[in-house]
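Below: the structure, in C-alpha cells.
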Amino acid sequence: MVDIRGLLEKLDSMESGSAVALKVDVESYFDVITALTDDFKRDKDMQVIYTTSTISSSTIIQVLEAFDIGCEGIQFVDAVSYMTMGASEQPEGVTFVESPTMLENISLKIEYLLKKYPMDENTVIIDSIDSLAIHNDNRILSEFLHILISNLRSHDCFTFILSVSEQDSEDIDNMLAMVCDDFIEVGPKKGEESGEIEV
Amino acid sequence: MGEKDWSIIPDKERERCVTGIEALDTILNGGIPRSNSVLVTGSCGTGKTTLSLEFLVHGAINEENCLFISVTEDSMKMLNNVVPYDFFDQSLIEEGYLSFVDMPDIYEELGLLDKSEFSFKEIDELIERIEELVLEKDVKRLVIDSVTSVCFQLKTEEKIRDFMLQLMKMLSSHGCTSLLVSEISPEEPRYSQYGVEEAIADGIIMMGNLERQGDLLRTLQVVKMRGTDHSRAKYVLDLTSVGVLLVPLLKGGGVDTVGGGADG
C-alpha cells in the first residue's frame with residue numbers, strides 16, 4: 001500500500017503506453033482523482049481524458065475546482081448523467097455516453113477525443129471498474145478492458161483504471177492484473193486523515 | 001475484337017481506393033479494390049449516407065473527382081443534415097472535386113420524371129447519362145443514394161438485373177469505385193430489397209442497429225468484398241465530426257438484432 005505521495009513518485013517512472021490499476025480506499029478516492037489530474041494535466045502538461053461511470057462529470061468538476069484544479073485540458077466522458085437524467089445540456093469538455101452498458105461507445109468517445117484534440121501525450125482515467133461491473137457482465141467487461149487498453153497502448157496513452165478497495169472482488173482484481181502493467185493499492189498513511197494529505 | 005487480358009492480379013497487388021475511414025481501410029486490408037461496386041446496405045438511421053459521403057470527401061481531399069447522385073433527397077438539404085466534418089472544406093465543391101447531382105434532374109432531362117416504370121430502352125438511356133457524367137468529370141468515386149429508389153421504378157427482376165449489371169460494368173470500365181446505397185427494412189432477412197443487387201455487387205457493407213439490453217448500437221460488417229481479404233467481424237460505429245469511428249463489437253453478452261436485415 002502506498003500513500004498519494006508514494007503513488008506520484010511511482011508514476012514518475014511510468015513509461016508512455018503503460019496501464020496501471022489503482023485500488024483506492026474510499027477515503028482516499030477524491031485525493032487520488034485530484035492528485036492524478038493535477039499531476040498529469042498541470043505538472044506534466046498532458047491532455048487528460050476522464051471517463052466516469054461512478055459519479056457525474058459535474059460533481060467531479062466541482063471537486064477539482066474546489067482544489068483549484070482548472071478543467072481546461074480535461075475532457076470528460078460521462079456515462080452516468082444520461083442514465084440519471086442529468087444530461088439536459090452538454091457543457092464544454094463533456095461528452096456523454098447514454099449508459100455504462102454501452103462499453104463500445106465509451107471506447108468510441110475516447111477514440112473521438114484523441115482524434116479531435118490530438119496531443120503528444122495523453123492520460124486516460126477509467127473511474128471506475130467497479131461501477132462498470134455493476135452494469136456489465138464480467139466477461140464483456142474483461143473483453144472491453146483488453147481491447148481498450150490495447151488500443152490506448154497503440155496511442156502511447158497513460159491509462160489508469162480505478163477500483164475501490166471496499167468493493168473488493170477477486171474476479172476484478174484478476175481482470176486488472178491480466179491487462180495492466182502495474183497494480184497499485186493506494187491508501188492514507190497510518191495516522192493521516194485523507195483530507196490532510198498534501199497533493 | 002481486341003484480345004482480353006487474362007493475367008491474374010493477386011489480391012494484395014490490386015490497386016486500392018483508400019476510403020479514408022481509417023478503421024474501414026484496416027478491415028479491408030488497405031481499402032476497397034479500385035473499380036469495385038459496393039452495396040452499402042442497411043435500414044434507416046444506420047449511417048449509410050454519412051459513411052458514403054465521407055468516402056467521397058476523403059477522395060476529394062486527395063484530388064480525386066467524386067460524384068454524389070442523390071435519388072430521394074435534395075442533395076443540398078442532405079448536405080446540411082449530415083455530421084459537420086472537421087476535415088470538410090467548401091473549396092472541395094468550388095474546385096469541382098466534389099459534385100452533387102439530383103437524380104430527378106436526370107429523369108427530367110430524359111423525360112422519365114413522370115414514368116412509373118422504365119423500359120429497357122430507358123434504362124439504357126439512364127446508364128448512358130450516368131456514364132456521360134462520369135466521363136465529363138473523370139469521376140473516380142461515385143455514390144448513388146439510393147439504388148433501391150431507382151430499382152423501385154424498374155419493377156421486374158430482369159430490369160433490375162439489367163440496370164445493376166450495366167451500371168457496375170460501366171463504372172468498373174472507367175476505373176470508378178462506387179458505393180451504391182441500398183435500403184432494407186429492419187426485419188429483412190437479406191442484404192438488398194430485391195435480392196438481385198447483393199448477388200451482382202463486388203462488395204457488401206452491411207450497416208445495422210443492434211439492440212443489447214435496451215441499448216441501440218450502430219453496427220458495420222463487411223460481408224463480402226471481391227479482390228481482397230477482409231475482416232467479416234461486426235463493429236460498432238459512431239458518426240462524429242472527425243469521421244466514422246469503429247470499434248469491435250464486444251461478444252461477451254447475448255445480442256438481439258433489430259436492424260440490419262440478414263443479420264437477424
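Each chain gets a letter, A, B and so on, in the order its sequence line appears, and its residues count up from 1. What you are looking at is a predicted structure, and each value in this text was computed from that prediction instead of being measured.
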So, the part of His146(A) with a heavy atom under 4.5 Å from chain B: the answer is neither

Worksheet item: If you measure only the distance, is there a donor-acceptor pair under 3.5 Å linking the side chains of Asn36(B) and Thr177(B)?
Response: no

Exercise. Taking only Lys NZ, Arg NE, NH1 and NH2, and the carboxylate oxygens of Asp or Glu, determine whether Lys44(A) and Asp38(A) approach each other closer than 4.0 Å.
Key: no

The interface call for Leu108(A) against chain B, heavy-atom contacts under 4.5 Å, is both

- request: Please say whether more than 12 non-hydrogen atoms of neighbouring residues, nucleotides or ligands are located less than 6.0 Å from CD in Glu22(B).
  value: no

Thr46(B)-Ser43(B) side chain donor-acceptor pair, cut-off 3.5 Å | no

Are the aromatic rings of Phe40(A) and Phe160(A) close, with centres under 6.0 Å apart?
yes

Output, in order, the C-alpha distance, side-chain angles, deciding distance and verdict of side-chain hydrogen bond (donor to acceptor under 3.5 Å, both in side chains) for Asp145(B) and Ser70(B).
CA-CA 5 Å; Asp145(B) 185 7; Ser70(B) 183; 5.7 Å; no

Would you call Glu98(A) and Arg212(B) a salt bridge, taking side-chain N to carboxylate O under 4.0 Å as the test?
no

Honestly, the part of Asn105(A) sitting under 4.5 Å from a heavy atom of chain B is side chain

Salt-bridge contact Lys116(A)-Asp86(B) (side-chain N to carboxylate O under 4.0 Å):
yes

Whatever's closer than 4.5 Å to a heavy atom in chain B on Glu104(A) counts as both

Those residues of residues 237-244 of chain B that come under 4.5 Å of chain A on a heavy-atom basis, listed by number, are Leu237(B), Asp238(B), Thr240(B), Ser241(B), Val242(B)

So, the part of Thr101(A) with a heavy atom under 4.5 Å from chain B: the answer is both

